[in-house]
Amino acid sequence: MSKLQMNIGILGLGLIGGSLGLDLRSHGHYVLGVSRQESTCQKAIALGIVDKASIDMDLLAGAEVVFICTPLALIIPTLKQLITHLPASTVVTDVGSVKSPIVQEATSLWDNFIGGHPMAGTANSGIEAAIRNLFVQRPYVLTPLATTPPAAITVMEEIVHQLGATLYHCSPEDHDSAVSWISHLPVMVSTSLITACMSETDPKVLQLAQNLASSGFRDTSRVGGGNPELGVMMAKYNRSCLLRSLQQYRHNLDELISFIEQENWVALEQQLQLNQGARSKFTE
Ligand code: NAP
C-alpha cells in the first residue's frame, strides 16, 4: 500500500509535528496539518510546514498516514476524536515519549495503529521551534505488536528512512525501560542536582557558586532545568520503570557516599574508571 509520495496528516503542530511537516514536504509528501489554535494553523502554512491546515480534524479524512504529535496526555483523547473522521485504511502513529500505556489503548481503539518515538528534540516548543532535519541520524523507535498490520509497519519504516533517522524496533515495554535509563532518569537526577545546589544556606556562597558555574554545571543541569510539564509526563506515564531506575541510582549514590566516607579511594577510582569506559557505549 505504501508509495513514495503520500497524503500525510499531522495532528498537533509544535516542535515535533512542525519539524516532521517541514521534512515530509521536502520529500514530496502532501502534508495536512491540524492543531488546536487557528493562529498556529496559519503560521504552519506561512512557514511552509504544511500544505493545508485547519483546526477541524475532518481535514485528515483524506490522509493515508496520520502522526499524532500532541502533548503526551492528549494522545489518546485526540485519537478517540480523530478516528471518527478516518477510513479504516488510514495508518495512525504517535510520537509520544512513553509507549506502553499509549500503544495498549491506541491499539484497542484503532487496528491500524503503530507506536513510534523519534528520539530528537530541542529545548524549545511550539510551531516556531520547528526545524528542518531534526530527525537526521537520530534514533526513531517503532513499537509494533504481533497484531500490527504488516503494511502499517512497512509504510512507517519507509517514512522513517526518508527522514534520515536510524530505525529501531522494540516492544513498548522494552522502549519504556530503556528510555527510563537514558532519558527519564537523567531528568530527575539533573533536577535534583539543581535542588541540591540551591539548598546552600550561605547567600554569599550561593551567589559565588552561581557566578562560577560553567560548562560542567551547564551540561549536567540542562535536562533537569527544562520544561516541567515534560518531566511530570515522564514520571506519570513511565512511573514503574522510572521508580526502578531511581532506586538503583539511589543505591549507586549511597555506594559512592560510603566510598568517600571510608576514604576508599581505590574503590572510588575503580568505579570512575569503569564508568569512563562505559560512557562511550551510550554516547557513540
Ligand atoms: P509542543 O512543541 O508543545 O507541541 C505540541 C503542539 O500540540 C502544540 O503546539 C499545540 O498546538 C498542539 N496541541 C495541543 N493540544 C492540542 C489539541 N487538543 N489538539 C491539537 N493540537 C494540540 O510539544 P512537542 O515537544 O512537539 O511534543 C509533542 C509530542 O512529542 C509529545 O507527545 C512528546 O512526548 C513527544 N516528543 C517530544 C520530544 C521533545 O524533545 N520535545 C521528543 C520526542 C517526542 P497549538 O499551538 O495549536 O496549541
Side-chain angles (χ1 to χ4, degrees), residues 9-24 32-47 49-50 53-60 63 66-85 92-103 105-106 113 115-131 133-136 138-143 160 163 165-166 168 172 175-176 178-180 182-184 186-187 190 222-238 242:
I10 299 176
L11 214 168
L13 297 169
L15 166 68
I16 300 294
S19 301
L20 274 172
L22 286 169
D23 288 356
L24 293 173
L32 303 157
V34 168
S35 214
R36 180 179 45 176
Q37 302 183 71
E38 183 58 49
S39 58
T40 302
C41 295
Q42 281 162 14
K43 276 182 209 156
I45 293 172
L47 292 168
I49 287 170
V50 296
S54 171
I55 54 168
D56 185 349
M57 286 189 199
D58 206 34
L59 181 73
L60 303 177
V66 177
F67 285 77
I68 303 183
C69 304
T70 62
L72 206 53
L74 291 172
I75 293 176
I76 293 296
T78 301
L79 177 66
K80 283 181 181 161
Q81 285 182 46
L82 170 69
I83 55 181
T84 64
H85 301 269
V92 180
T93 187
D94 76 310
V95 296
S97 320
V98 178
K99 296 273 56 96
S100 304
I102 288 172
V103 172
E105 204 172 345
F113 180 87
H117 181 199
M119 307 272 316
T122 69
N124 305 319
S125 60
I127 187 83
E128 269 138 10
I131 50 173
N133 298 320
L134 180 64
F135 311 100
V136 173
R138 305 300 303 274
Y140 198 122
V141 189
L142 294 179
T143 61
V160 169
L163 293 171
T166 310
Y168 291 91
H175 168 275
D176 292 352
V179 296
S180 140
I182 51 81
S183 176
H184 302 173
V187 169
S190 170
R222 184 178 62 80
V223 293
N227 184 351
E229 218 176 288
L230 275 184
V232 174
M233 284 303 134
M234 290 168 177
K236 203 166 155 185
Y237 285 85
N238 203 17
L242 178 59

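The structure presented is a predicted model; accordingly, all values stated were derived computationally and were not measured. In each ligand, atom 1 is the first atom listed, and ligand 1 is the first ligand listed.
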For [atom], what's the nearest protein heavy-atom neighbour? Residue, atom name and distance, please.
{"atom": "atom 43 (C) of ligand 1", "answer": "P118 O, 3.1 Å"}
{"atom": "atom 34 (O) of ligand 1", "answer": "S97 OG, 2.7 Å"}
{"atom": "atom 4 (O) of ligand 1", "answer": "G14 CA, 3.2 Å"}
{"atom": "atom 11 (O) of ligand 1", "answer": "S35 OG, 3.1 Å"}
{"atom": "atom 1 (P) of ligand 1", "answer": "G126 N, 3.8 Å"}
{"atom": "atom 23 (O) of ligand 1", "answer": "L15 N, 4.6 Å"}
{"atom": "atom 31 (C) of ligand 1", "answer": "T70 O, 3.2 Å"}

Quick one: [atom1] on [X] to [atom2] on [Y], what's the gap to the nearest 0.5 Å?
{"X": "L32", "Y": "M57", "atom1": "CG", "atom2": "CE", "answer": "14.0 Å"}
{"X": "H184", "Y": "M233", "atom1": "NE2", "atom2": "CE", "answer": "12.0 Å"}
{"X": "N238", "Y": "K99", "atom1": "CG", "atom2": "NZ", "answer": "11.0 Å"}
{"X": "I10", "Y": "T70", "atom1": "CD1", "atom2": "OG1", "answer": "13.0 Å"}
{"X": "L134", "Y": "D23", "atom1": "CG", "atom2": "CG", "answer": "7.5 Å"}

Under 3.5 Å between some N or O of ligand 1 and some N or O of [X]?
{"X": "P71", "result": "no"}
{"X": "G96", "result": "no"}
{"X": "S125", "result": "no"}
{"X": "H117", "result": "no"}
{"X": "T78", "result": "no"}
{"X": "R36", "result": "yes"}

- prompt: Just heavy atoms, cut-off under 4.0 Å: does L74 contact ligand 1 by side chain, backbone, both, or neither?
  reply: side chain

Ligand 1 contact on C69 by region, counting heavy-atom pairs under 4.0 Å: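 For C69, the contact with ligand 1 is made by the backbone alone.
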
Non-hydrogen side-chain atoms of [X] and [Y] separated by less than 4.5 Å:
{"X": "L13", "Y": "K43", "result": "no"}
{"X": "V141", "Y": "M119", "result": "yes"}
{"X": "V187", "Y": "L230", "result": "no"}
{"X": "I75", "Y": "E105", "result": "no"}

message: Show the nearest heavy-atom pair for residues A130 and G18, with the distance to one decimal.
response: CB-C, 3.5 Å

query: Nearest protein heavy atom to atom 48 (O) of ligand 1: under 4.0 Å?
result: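 Flag for atom 48 (O) of ligand 1 set to true, protein heavy atom closer than 4.0 Å.
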
Can you sort out which atoms of ligand 1 are near [X], meaning under 4.0 Å from one of its heavy atoms?
{"X": "G121", "answer": "40 (O)"}
{"X": "L11", "answer": "20 (C)"}
{"X": "L13", "answer": "9 (O)"}

Just to be sure I'm reading this right: ignoring hydrogens, which of [options] gets closest to [atom]? Compare them by their nearest heavy atoms.
{"atom": "atom 30 (O) of ligand 1", "options": "L134, I55, V95", "value": "V95"}
{"atom": "atom 42 (C) of ligand 1", "options": "A129, G116, G17, A120", "value": "A120"}
{"atom": "atom 27 (O) of ligand 1", "options": "V98, T40, I16, L20", "value": "I16"}

F113: which of D94, I83, V66 passes side chain to side chain contact (heavy atoms under 4.5 Å, CB included): D94

- request: Quickly, which of L163, V160, T166 forms a side chain to side chain contact (heavy atoms under 4.5 Å, CB included) with F135? Name it, please.
  value: L163

message: Can you tell me if E229 has over 12 outside heavy atoms packed within less than 6.0 Å of its CD?
response: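 Open: at most 12 neighbouring heavy atoms sit under 6.0 Å from CD of E229.
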
